[in-house]
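This report concerns only the one structure given below.
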Amino acid sequence: MPELPEVETVRRGLQPALEGQIIKSVTVRCPKLRIPFPKDFAKRLAGKKVEQLSRRAKYLLMHMEGGGVAIIHLGMTGHMRVISSNAPIPGKHDHVDFCTTAGATVRFHDPRRFGLMTLTTEKNLATHKLIKNIGPDPLGNDFNDEVLSAALKGRATPIKAALLDQKTVAGLGNIYVSESLFRSGISPKRQAKTVQGGRAEKLTRAIQDVLRDAIEAGGSTLKDHVQPDGELGYFQHHFKVYGKTGAPCPTCDDSAHIIKKIVQSGRSTFYCSNCQR
Ligand SMILES: [Zn+2]
């Protein structure tokens, strides 16, 4: 499942091919992904200029001339690839092509079809059902330690679960929550409500640092993430705890303290019980 850094990497990779370009045609080859395509999806985009390609949590937003907005989610296995010219014959899982008048094709490939594409308008975007309940973007201007403390206040749930909740902060999944808690020295089992003051400050900084480092590395390629130019992401080589069960803790730096794996609300968590409190 791509998390925020992977989606941001895709956005940055698609930007040169789409922003300021005119969509010549859109070809949709299946009736639905996770949800059906809107009627006239292709028709409503064709002939329009892409004013901006932005991101809200894990959704890509294609802001069109005239006020339309395409909402795109990569699901579990979705890729978007830029083909500069002469797109090859589409394969079985190549469900959508966006062709620009400049000759580029942005091809959406999704074997499991858990991705989605739908349409809204600038006016209705903030209240759209997919968007309205999403918490602040951790790399945006409306996220800081005060916002995080307020969101965690009074919550009698482990901090790991609270951070996976997209209303607390948007775009984090298992990987980056594990890494952020490790960097801030906070136990994934700690009650969310006790992460206040200095701890909330440390955690905020850790979340932002981990995400920025991951974006810098092109995201993490565990299963399906590929950048739009076909490059893999490399942040998986920088994981400190995720998937490192049994490895010595890089902070404690002695063989007595190893990374443990526990299961919290059905998801694996990796941490060091010595330096994460
Ligand atoms: Zn440790």
Side-chain angles (χ1 to χ4, degrees), residues 1-19 21-64 68-121 125 128-131 171 173 218-233:
M1 173 76 103
E3 299 184 28
L4 187 152
E6 289 74 45
V7 180
E8 178 60 17
T9 305
V10 171
R11 187 190 73 81
R12 292 181 185 188
L14 295 178
Q15 235 174 351
L18 289 177
E19 261 186 20
Q21 301 297 323
I22 294 163
I23 302 291
K24 186 172 140 199
S25 63
V26 179
T27 308
V28 178
R29 302 190 185 87
C30 65
K32 66 185 287 255
L33 297 168
R34 193 169 86 210
I35 58 172
F37 285 91
K39 215 174 110 208
D40 303 338
F41 178 77
K43 222 185 210 172
R44 283 162 65 188
L45 296 172
K48 301 255 170 37
K49 185 162 115 182
V50 180
E51 302 275 15
Q52 199 200 350
L53 186 68
S54 73
R55 179 185 55 74
R56 179 76 182 94
K58 293 190 267 186
Y59 292 98
L60 291 168
L61 304 174
M62 206 158 78
H63 303 266
M64 308 302 293
V69 181
I71 303 177
I72 300 170
H73 195 281
L74 301 172
M76 308 275 284
T77 56
H79 302 166
M80 291 183 92
R81 189 157 64 100
V82 177
I83 307 163
S84 327
S85 60
N86 298 327
I89 294 166
K92 188 177 164 196
H93 302 298
D94 294 332
H95 304 304
V96 185
D97 280 356
F98 299 91
C99 302
T100 69
T101 53
T105 300
V106 172
R107 181 163 278 180
F108 180 76
H109 172 95
D110 187 3
R112 294 183 68 181
R113 292 200 216 180
F114 288 136
L116 71 83
M117 291 190 192
T118 192
L119 291 170
T120 185
T121 60
L125 181 61
H128 191 280
K129 64 173 190 256
L130 293 170
I131 305 289
S220 302
T221 303
L222 290 182
K223 290 195 185 88
D224 300 298
H225 171 65
V226 187
Q227 300 183 61
D229 58 3
E231 275 284 306
L232 301 174

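Numbers here are sequence positions counted from 1.
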Is any side-chain heavy atom of His109 less than 4.5 Å from a side-chain heavy atom of Val226? no
Below 4.5 Å, heavy atoms only, C-beta onward: do Met117 and Phe98 meet side chain to side chain? yes
Return yes if some donor-acceptor pair links the side-chain N/O of Glu19 with the main-chain N/O of Leu53 below 3.5 Å, else return no. yes
Hey, does Val26 have a side-chain heavy atom less than 4.5 Å from the side chain of Val96? yes
Does any N or O in the side chain of Asp97 come within less than 3.5 Å of the main-chain N or O of Cys99, such that one atom is a donor and the other an acceptor? no
Arg56 atom CZ, over 12 foreign heavy atoms within 6.0 Å: yes
Test item: Arg113 side-chain N/O and Gly115 main-chain N/O as donor-acceptor pair under 3.5 Å: no
For Asn86, does the CG atom sit with more than 12 other heavy atoms under 6.0 Å from it, leaving out its own atoms? no
Show the nearest heavy-atom pair for residues Arg107 and Pro90, with the distance to one decimal. NH1-CA, 3.6 Å
Under 3.5 Å donor-acceptor, His225 side chain and Glu3 backbone: no
Expected output: side-chain Arg11 to main-chain Leu60 donor-acceptor under 3.5 Å: no
Gap between atom OG1 of Thr27 and atom NE2 of His95 - 0.5 Å precision: 14.0 Å
Tell me the closest heavy-atom pair linking Val82 and Ala17, and the distance in Å. CG1-CB, 3.8 Å
So do the side chains of Leu119 and Leu45 get within less than 4.5 Å of each other, counting heavy atoms only? yes
Taken to the nearest 0.5 Å, the spacing of Lys39 NZ from Arg44 CZ works out to 9.5 Å
For Arg55 and Val10, what are the C-alpha separation, side-chain angles and deciding distance, and is it a side-chain contact (heavy atoms from CB on, under 4.5 Å)? CA-CA 10 Å; Arg55 179 185 55 74; Val10 171; over 6 Å; no
So Thr118 and His128, do their side chains get closer than 4.5 Å, heavy atoms only? yes
With rounding to the nearest 0.5 angstrom, report the CZ to CE distance, Arg112 to Met76. 4.5 Å
If you measure from CE on Met62 to CD1 on Ile71, what distance do you get to the nearest 0.5 Å? 11.5 Å
Passes side-chain contact (heavy atoms from CB on, under 4.5 Å), Val50 versus Met64? Steps please. CA-CA 5 Å; Val50 180; Met64 308 302 293; 4.0 Å; yes
Do the non-hydrogen side-chain atoms of Ile83 and Pro88 ever get within less than 4.5 Å of each other? yes
Kindly indicate whether the side chain of Thr100, heavy atoms from C-beta on, has any atom under 4.5 Å from the side chain of Val106. no
Indicate yes or no: at least one non-hydrogen side-chain atom of Pro2 is less than 4.5 angstrom from one of Lys58. no
Between the CG atom in Leu33 and the CG atom in Leu116, the distance rounded to the nearest 0.5 Å is 7.5 Å
What distance separates Leu14 CG from Met80 CE, expressed to the nearest 0.5 Å? 5.5 Å
How would you list, by chain and number, every residue that makes a ring-ring contact (aromatic ring centres under 6.0 Å, His included) with Phe108, sequence neighbours excluded? none
Looking only at heavy atoms, the pair that brings Gly171 and Ala57 closest together is N-CB, 4.3 Å
When you look at Ile89 and Asp94, which way does the side-chain contact (heavy atoms from CB on, under 4.5 Å) test go after all the steps? CA-CA 9 Å; Ile89 294 166; Asp94 294 332; over 6 Å; no
How close do Gly219 and Thr9 get, heavy atom to heavy atom, and via which atoms? N-OG1, 3.7 Å
